[in-house]
Novice: 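Structure provided below as structure tokens; questions to follow.
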Amino acid sequence: MQPLHTEFLQQIARQYDLTTEQQEVFVLLFSTEKSPTEVADELHISETALRTRMTGVYQKFSFTDKKPNKSRRLHDWLLKQKRIHTSESKQQAALANADIEELVKSTRQAITDNVKELCGKMQVLDMTQAIGLNDIYTDVNILKNITANRRLSLLQLQNICNFDLEKLERIGLGEIAEERIAGIEAVKKHSKLVIWGKP
């Protein structure tokens with residue numbers, strides 16, 4: 001006979017109000033592949049005591065007829081109950097997941113307006129009125145190459161500055177010759193990006 005889980009058998013034993021002695025025999029007999037003799041030896045009882053306890057178990061499960069193989073028939077009935085129990089557990093889990101999804105959806109709908117009201121605007125210290133976050137947007141243009149890493153020859157530096165000392169202090173600033181691309185294009189084109197620079 002196929003062994004059944006101990007927890008399941010204990011649950012059934014409580015449901016059918018088996019005594020402690022009946023539960024011991026019932027669980028050990030149907031959770032292992034041991035013979036009635038081996039079960040009796042393990043429980044340190046005689047085989048007669050085991051049969052007496054099992055008679056009480058059969059009565060609790062309404063197996064009171066004179067047909068043979070009560071143990072086999074009870075085992076088959078337990079297997080059927082196990083399948084029903086497993087099916088019900090799966091249905092309950094599916095319903096619980098569906099309930100959680102519905103709960104999350106309804107909660108989101110209920111708090112959307114509050115979140116927009118609390119977090120949808122920004123007001124800096126010297127602003128007289130708050131501005132909606134959707135209204136604060138700056139196009140981001142990205143340089144393909146980092147300007148700090150470019151190497152210029154002495155002649156190129158002279159051409160940039162034209163030996164004007166004021167320009168020498170701000171060398172290359174405001175005159176970026178690198179090609180720029182829109183930020184959204186960079187995100188579409190490259191799957192991995194490191195954005196380096198001021199916001």
Novice: Indicate yes or no: at least one non-hydrogen side-chain atom of Ile45 is less than 4.5 angstrom from one of Val39.
Specialist: no
Novice: Could you measure the distance from the CZ atom of Arg108 to the CD1 atom of Ile111? Nearest 0.5 Å is fine.
Specialist: 8.5 Å
Novice: Quick one: does Lys82's side chain have a donor or acceptor within less than 3.5 Å of a partner on Leu4's backbone?
Specialist: no
Novice: Working to the nearest 0.5 Å, report the span between CZ of Arg83 and NZ of Lys80.
Specialist: 8.5 Å
Novice: Mind checking whether Phe30 and Ser71 have side chains closer than 4.5 Å, heavy atoms only?
Specialist: yes
Novice: Could you check whether any side-chain N or O of Glu38 sits under 3.5 Å from a backbone N or O of Ser35, counting only pairs where one atom can act as donor and the other as acceptor?
Specialist: yes
Novice: Between the side chain of Gln22 and the main-chain N/O of Thr19, is any donor-acceptor distance below 3.5 Å?
Specialist: yes
Novice: Can we call the ring centroids of Trp77 and Tyr16 under 6.0 Å apart?
Specialist: yes
Novice: To the nearest 0.5 Å, what is the distance between OG1 (Thr37) and CG (Asp41)?
Specialist: 7.0 Å
Novice: Could you state the interatomic distance from CZ (Phe61) to NZ (Lys70), rounded to the nearest 0.5 Å?
Specialist: 13.5 Å
Novice: At their closest point, which heavy atom of Leu18 faces which heavy atom of Gln23, and how far apart are they?
Specialist: CB-N, 4.2 Å
Novice: To the nearest 0.5 Å, how far apart are CD in Gln10 and NE2 in His5?
Specialist: 12.5 Å
Novice: Kindly give the heavy-atom pair with the smallest separation between Phe26 and Leu9, and that separation in Å.
Specialist: CE2-O, 3.4 Å
Novice: Would a 4.5 Å heavy-atom cut-off, applied to side chains only, mark Lys34 and Leu29 as touching?
Specialist: no
Novice: State, yes or no, whether a side-chain contact exists between Ile131 and Lys121 at a heavy-atom distance under 4.5 Å.
Specialist: no
Novice: I'd like to check Arg53 versus Leu50 (side-chain heavy atoms, cut-off strictly below 4.5 Å). Are they in contact?
Specialist: no
